[in-house]
Amino acid sequence: DGVADGKEVLLKYSIPGDSSLEHCARIIRRRGSGIGIDFTNFDITSQRRLWKYILENLNQEEIESCLYCGESYNNDMPPVCGVCGWKLTFNNPGYLEYHEKNSLVKKLTRSAGSLDADQVRRVINFLNGEVLKSEEREVYNEFVASSDVMLKVFSDIRKVAPTDVPVLILGESGTGKELTALTLHERSKRKNKAFITVNCAAIPDALLESELFGYEKGAFTGAYTSKKGKFEIADGGTLFLDEIGEMPLSLQSKLLRIIEDKIVERVGGLKGRKVDIRLIVATNRNLSEEVIKGRFRADLYYRLDVFGINLPSVRERGEDGVLLANYFLKRFSSDSGAPKHFSKEALKAIRDYTWPGNVREIINKIRKAVILASGNTVLPGDMDLEVIDMADTKEISLAEVRESSEKEFIKDTLVRCGYNISRVAREIGISRPSVYALLKKYTISLPERRSQIS
């Protein structure tokens, strides 16, 4: 409220069952109590998370007017608006791609109207000579890397993406497992079909079965209608099961049957339904150790581990940490309208820090630094990083450096998760007791109210 049209605002909100999102947006119009916004530099993973939530809560039958131009259709919505020409079939799996492409084309057309013929000709030459030709190159959206270990990851993605074999993605929290899964989907023959994500750790065990496999009317109390599960929704496309190591044993056996038979049976159903999906799973756990401990089925593990992709941590990627920091600094500072750069001390701090939260931690610290930096130069303190002057210190062990990094990461995660211990545990990929053990180890205290309810 009170923000003029055309101004940029910072949006921060939480998606139920998912983590929080934070990004810049520009107010473009107002209609009644609604506000139209244009997301600026919204990364593709966040786009899909937000669009997934919108679709799950959108009842197309209740929409009575075009969401683009406001043309009223009462209860007879056409597939395409007769006034503005936008498609209105929001539940179509490819709608997000359609919307983004056409929005950008319209922006390009408006911009071209202010150019003379020679300028338009140069734009066309640039498109033909640079942009379109780049389709032949190896393009990985949002991946920023030059290290050998990441080049190996790119090579693995290129080889396995066109196939239909299951892929097991391993890596610490924050290394980009969902982004890897999305890249595999977009380089596959299923790229024009649905890409469905399920975080097995974010859904209670009691609800996970019906979320994955769906249910029939009357299957349990509150099941007033039948509902498709994620396997059916993903039919023809890709299903990504994140944090597969958190799936209870009772559901692992059912998942194994679906992989073998390609038939999904709803809760309370009497017959199965054939599904055609490409399955990708990810975890930050060592599944082979989980098998030995009896927490993961061996037969399921061997069916999932057909092709493995190991995502290295930032500390294993050499100079990639600096590349990532520069990339996100450029992106976030451009959003704010004031380009910034790192000081020499900041670059040293980035190289020296172990980044226990990996790429996700880099994103959070750089976003914070853009806000805190008083000028155009980002200093170590703006990122909550300290520069250790070895000339003024006695011997500092590697263990001490790691403990310092871990403590700062725990503190940042607590703040980001609103001091909710369950969310912190899911974010880091450890159990609640382990979180409490770390709080005790580093003498980190919770706000009084939070410590009572966590």
Side-chain angles (χ1 to χ4, degrees), residues 13-21 32-34 48-67 72-79 87-96 99 193-244 246-259 261-277 279 281 420 422-423 426:
Y13 47 90
S14 297
I15 297 177
D18 202 337
S19 55
S20 61
L21 290 177
S33 60
R48 292 185 181 269
R49 286 164 55 194
L50 180 57
W51 183 244
K52 173 176 173 287
Y53 173 70
I54 291 173
L55 278 185
E56 289 174 347
N57 292 272
L58 179 67
N59 187 343
Q60 186 138 348
E61 295 178 357
E62 295 180 354
I63 302 175
E64 297 182 349
S65 61
C66 174
L67 300 184
S72 178
Y73 290 101
N74 296 322
N75 294 320
D76 189 24
M77 283 286 287
K87 291 182 181 179
L88 303 176
T89 52
F90 305 110
N91 290 321
N92 187 302
Y95 193 86
L96 180 60
H99 169 83
K193 300 294 184 178
F195 176 78
I196 305 298
T197 298
V198 178
N199 188 326
C200 299
I203 303 173
D205 291 353
L207 300 178
L208 185 57
E209 182 177 14
S210 58
E211 185 72 15
L212 288 174
F213 311 122
Y215 55 82
E216 296 290 358
K217 179 180 179 180
F220 49 82
T221 302
Y224 301 115
T225 61
S226 298
K227 179 184 176 181
K228 288 183 178 181
K230 300 303 185 186
F231 274 90
E232 288 185 68
I233 296 174
D235 189 20
T238 302
L239 179 63
F240 173 52
L241 299 181
D242 199 5
E243 304 298 349
I244 188 70
E246 304 293 332
M247 179 178 285
L249 286 168
S250 59
L251 294 187
Q252 291 179 25
S253 59
K254 194 167 184 177
L255 175 60
L256 179 63
R257 289 200 304 273
I258 293 175
I259 295 174
D261 303 333
K262 300 188 184 302
I263 295 176
V264 61
E265 186 175 311
R266 295 181 184 177
V267 177
L270 298 178
K271 62 178 182 179
R273 292 168 171 79
K274 193 81 173 178
V275 292
D276 173 27
I277 63 164
L279 186 64
V281 300
N420 184 303
S422 296
R423 286 185 59 194
R426 289 196 299 269

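Two residues are said to be in side-chain contact when any heavy atoms from C-beta on lie closer than 4.5 Å; Ile196 and Ile277 fail this criterion. The shortest side-chain heavy-atom distance between Leu279 and Phe240 does not fall under the 4.5 Å cut-off. Taking 4.5 Å as the limit, every side-chain heavy atom of Val267 sits out of range of all side-chain heavy atoms of Lys227. Between Tyr73 and Ser65 there is no side-chain heavy-atom pair separated by less than 4.5 Å. The closest side-chain heavy-atom distance from Leu212 to Ile203 is not below 4.5 Å. Contact check for Leu88 versus Pro79: no side-chain heavy atoms found under the 4.5 Å cut-off. With contacts defined as side-chain heavy-atom distances shorter than 4.5 Å, the pair Glu232/Val264 qualifies.
Here the CD1-CE distance, from Ile244 to Met247, works out to 4.0 Å after rounding to the nearest 0.5 Å. Separating the OG atom in Ser250 from the CG atom in Leu255 is a distance of 11.5 Å, to the nearest 0.5 Å.
Ion pair Lys228/Glu216 not flagged as a salt bridge, since none of the NZ, NE, NH1 or NH2 atoms sits closer than 4.0 Å to an Asp/Glu carboxylate oxygen.
For Glu209 (side chain) and Leu251 (main-chain N/O), no donor-acceptor pair under 3.5 Å exists by modelled atom type. Using a distance-only test at 3.5 Å, with no hydrogens or angles considered, a donor-acceptor pair links the side chain of Tyr95 to the main chain of Lys87. Without hydrogens or angle criteria, Asp242 side chain to Val198 main chain gives no donor-acceptor distance under 3.5 Å. Without hydrogens or angle criteria, Ser210 side chain to Tyr215 main chain gives no donor-acceptor distance under 3.5 Å.
Crowding of Leu207 atom CG: a count of heavy atoms from other residues, nucleotides or ligands under 6.0 Å exceeding 12.
Evaluation of the salt bridge (Lys or Arg N to Asp or Glu O under 4.0 Å) rule for Lys230 yields Glu56, Glu211 as partners, not counting sequence neighbours. Applying the salt bridge (Lys or Arg N to Asp or Glu O under 4.0 Å) test to Asp261 and every residue at least two apart in sequence or in another chain returns nothing. Phe231 is linked by a ring-ring contact (aromatic ring centres under 6.0 Å, His included) to Phe213, counting only residues two or more places apart in sequence or in another chain.
Heavy-atom minimum distance, Cys200 versus Glu243: CB-O, 3.4 Å. Minimum heavy-atom separation, Ala194 to Ala234: CB-CA, 4.5 Å. Contact record, Lys193 with Gly237: CB-CA, 3.6 Å, taken as the closest heavy-atom pair. The minimum heavy-atom distance linking Lys217 with Ser226 is given by the pair N-OG, 3.1 Å.
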- Would Arg273 and Ile263 satisfy side-chain contact (heavy atoms from CB on, under 4.5 Å), going step by step from the backbone distance to the final call? CA-CA 5 Å; Arg273 292 168 171 79; Ile263 295 176; 5.8 Å; no
- Message: Using the rule given for salt bridge (Lys or Arg N to Asp or Glu O under 4.0 Å), can you reason through Glu265 versus Lys271, listing the C-alpha separation, both sets of side-chain angles and the distance that settles it, and then say yes or no?
- Response: CA-CA 6 Å; Glu265 186 175 311; Lys271 62 178 182 179; over 6 Å; no
